[in-house]
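Each remark here refers to the structure printed beneath this line.
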Amino acid sequence: MNLKQLGCITFMFLLALTVSAKQFNVIDFGARADGKTLDTKAVQAAIDACTQNGGGQVVIPAGKTVLVGTIYLKDFVNLNIETGAVLLGSPHIEDYATDTHKIMYKRESHMDRCLIYAENANSFAIEGYGTIDGNGAEFTNQRPMLLRFKDCNNIHLNDITLKNPAAWTSAFLYCNEIAVSGIRISSWANKNGDGLDFDGCTNVRVANCSFSNSDDSICLQASLPNKPCRDVVVTNCIFETKWGGMRIGLLSRGNIEQVAVSNCTFKNIEDSGLKIQQCEGGEMRNMTFTNLVMENVPRPVFMTFSQQRACVDVPEGTYEPLNRMHNMIFSNIVVDNRKLDKNSCFFFTGYPGNDIENVVLKDVQFTISGGGTAEDAAKEVKEYSLEVVKKHWPEFYLVGTLPASALYARHLDGLYVENFHVFIENEDARKPFILNDVKNGSVEKFYVNKKQIN
């Protein structure tokens, strides 16, 4: 063996040691990994050692179940949950810390705690083909979230399965540079199990994910006036949920803007595919939604502009003035709702004196069951006044059946509808579309059962 060959072997040996030194297996830090022993201290010790040594992988090894309470992610830590491994949440609320910030919605402090928390952390990830299981069915009154990250930068979630949270699956608060890819969320173990909630976050990319939720799958929010939610891209995702596929707003004290959603499917949703609600003083603008396919989604698009107090930090009885909601494009949308009842409609509603502005709805195929009556056709639609919504969110059930079968819009300035095809399975006494207090707009190439009516 010559010196060159010896040098090469030595280099490879040192490289292997370096790579090995960057992996921190929780077993080596004392984790029993039997699914019964609480391993919180061992997992946290591995995370702390990882960040103190410049970063690397904290490994939950394949085939093992590691039971933990609250753990804290830190700088440069890649929490790698290997194939067949489970990071399991403790069923005991006392194992969850109380220093993990809070939920930002009013009346929901029972969700303040969480399983995995990070604050002011940089460049960390949760990856692997394993599972984080929140053990959510074990909780009643106090219900911890699965993930909460606050004021963090450069976050990656890749390929992981997140399931059974006791509350929301995640809350990202005022974070920057978030990339989520290839994850699977299943949250039916307990109540209102949101999927990914981004509050005041910037530069967010979500791609190639599947959602099965007991509440909204993706939420874009802004709980602080000076923390906008902006520059968000969602693509190639599948949504199946009890409530809303994507909910944008409601918690909306800051601006929500620059959003692009494309190439997604929505199915078996009780409320809305796209639920867009501005009500707390911020501005909502500049969004596109294109190449979407929906089945059994009663309101493909539901937009409301109304006053509300949603944020926990706003004093009781205080309502922030409405700002603007404008510049939205919805295009290339196919919806098949033939199996649903008559309450199937695109619904856009501003508020008297506060119009939604500049909305384009183009290239739509919409199949509905019909069945609306003459009484339905004559109905006057209730406004989302402060008196109506101050004890509720501005939900569809507050107004009920609409007098239009396919499209109802009111209080808009600039609504442009083009190439809208409606297929009605049964007789319906209602008009296919109604524009109420809509200024500076047009409806062109509107078809009902293949016949152009406008």
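All of these numbers come straight from a predicted model, not from anything done at the bench.
The existence of a salt bridge linking Arg148 and Glu119 is excluded, since no basic side-chain nitrogen approaches an acidic carboxylate oxygen closer than 4.0 Å. The pair Lys342-Asp428 does not meet the salt-bridge criterion, since no charged nitrogen lies less than 4.0 angstrom from a carboxylate oxygen. Between Asp355 and Lys439 there is a salt bridge, with a side-chain nitrogen of the basic residue lying less than 4.0 Å from a carboxylate oxygen of the acidic one. With respect to Glu270 and Lys242, no salt bridge is recorded, no charged nitrogen being found less than 4.0 Å from a carboxylate O. One finds no salt bridge joining Arg338 and Glu295 here, because no Lys/Arg side-chain nitrogen approaches an Asp/Glu carboxylate oxygen to under 4.0 Å. Ion pairing of Arg230 with Glu257 is present here, as a side-chain N (NZ or NE/NH1/NH2) and a carboxylate O approach within less than 4.0 Å.
Taking the side chain as every heavy atom from C-beta outward, Pro300 and Met294 approach each other to under 4.5 Å. The shortest distance between side-chain heavy atoms of Ile185 and Ser217 does not fall below 4.5 Å. Residues Ser223 and Asp313 are not in side-chain contact: their nearest non-hydrogen atoms beyond the backbone lie 4.5 Å or more apart. Taking 4.5 Å as the limit, some side-chain heavy atom of Arg113 sits within range of a side-chain heavy atom of Thr98. Between Gln258 and Val232, the closest side-chain pair of non-hydrogen atoms is not below 4.5 Å. Put simply, the side chain of Phe289 does not reach to within 4.5 Å of the side chain of Ser331, judged on heavy atoms. Side-chain contact check for His326 versus Phe305: every heavy-atom pair is 4.5 Å or farther apart. Counting heavy atoms from C-beta outward, Val422 and Ile368 have side chains that approach closer than 4.5 Å.
Aromatic ring pairs are classed by plane angle as parallel below 30°, tilted from 30° to 60° and perpendicular above 60°; the pair Tyr105 and Trp168 is perpendicular. Using a 30° and 60° split on the angle between ring planes, Phe124 and Phe149 fall in the perpendicular class, above 60°.
A side-chain donor from one of Asp197 and Gln221 sits under 3.5 Å from a side-chain acceptor of the other. A donor-acceptor pair shorter than 3.5 Å can be found between the side chains of Ser262 and Thr235. Side-chain N/O atoms of Thr373 and Asp376 include a donor and acceptor closer than 3.5 Å.
Summarising the local packing, NZ of Lys106 is surrounded by more than 12 heavy atoms from other residues, nucleotides or ligands at distances under 6.0 Å. In this structure, Glu427 places its CD atom where only 12 or fewer heavy-atom neighbours from other residues, nucleotides or ligands lie under 6.0 Å away. The neighbour count for Lys379 NZ, taken as heavy atoms of other residues, nucleotides or ligands under 6.0 Å away, is above 12. For Tyr72, the OH atom counts as densely surrounded, since its 6.0 Å shell holds more than 12 non-hydrogen atoms of other residues, nucleotides or ligands. More than 12 heavy-atom neighbours from other residues, nucleotides or ligands sit within 6.0 angstrom of NZ on Lys102. No more than 12 heavy atoms of other residues, nucleotides or ligands sit less than 6.0 Å from atom NZ of Lys339.
Residues Gly195 and Ser170 approach most closely at O-OG, 2.9 Å, considering heavy atoms. Between Cys209 and Gly182, the shortest heavy-atom distance links the atoms SG-N, 3.6 Å. In terms of heavy-atom proximity, Met325 sits nearest to Ile276 at CE-O, 3.5 Å. Of all the heavy atoms in Leu157 and Leu147, the pair that sits closest is CD2-CD1, 4.0 Å.
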Please set out all donor-acceptor pairs under 3.5 angstrom arising from side-chain atoms of residues 344-353, sequence neighbours excluded.
unit_1 : atom_1 : unit_2 : atom_2 : d
Ser344 : OG     : Asn337 : ND2    : 2.8
Thr349 : OG1    : Arg410 : NE     : 2.7
Thr349 : OG1    : Arg410 : NH2    : 3.3

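Considering CG of Leu87 and OG1 of Thr161, their distance stands at 13.0 Å, rounded to 0.5 Å. Here Leu220 contributes atom CG and Ile248 contributes atom CD1; the two are 5.0 Å apart, rounded to the nearest 0.5 Å. To the nearest 0.5 Å, atom OH of residue Tyr96 and atom CD of residue Gln142 are 12.5 Å apart. Within the model, atoms CD1 of Ile116 and CG of Leu162 stand 8.0 Å from one another, a figure rounded to the nearest 0.5 Å. The CG atom of Asn236 sits 12.5 Å away from atom OG of Ser210, with the distance rounded to the nearest 0.5 Å. Expressed to the nearest 0.5 Å, how far CG of Leu361 lies from CZ of Phe446 amounts to 8.5 Å.
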Output, in order, the C-alpha distance, side-chain angles, deciding distance and verdict of salt bridge (Lys or Arg N to Asp or Glu O under 4.0 Å) for Lys74 and Asp48.
CA-CA 8 Å; Lys74 299 183 178 180; Asp48 294 346; 2.9 Å; yes

Verdict with reasoning, Arg253 to Glu320, per salt bridge (Lys or Arg N to Asp or Glu O under 4.0 Å)
CA-CA 8 Å; Arg253 299 179 70 204; Glu320 300 181 48; 2.7 Å; yes

Show your reasoning for whether side-chain hydrogen bond (donor to acceptor under 3.5 Å, both in side chains) applies to Ser90 and Asp95.
CA-CA 7 Å; Ser90 167; Asp95 293 329; 2.6 Å; yes

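By the side chain to side chain donor-acceptor pair (under 3.5 Å) test, Arg143 pairs with His110, Asn192, sequence neighbours left out.
Of the listed residues (Thr169, Asp159, Leu196), just one forms a side chain to side chain contact (heavy atoms under 4.5 Å, CB included) with Ile183, and that residue is Leu196.
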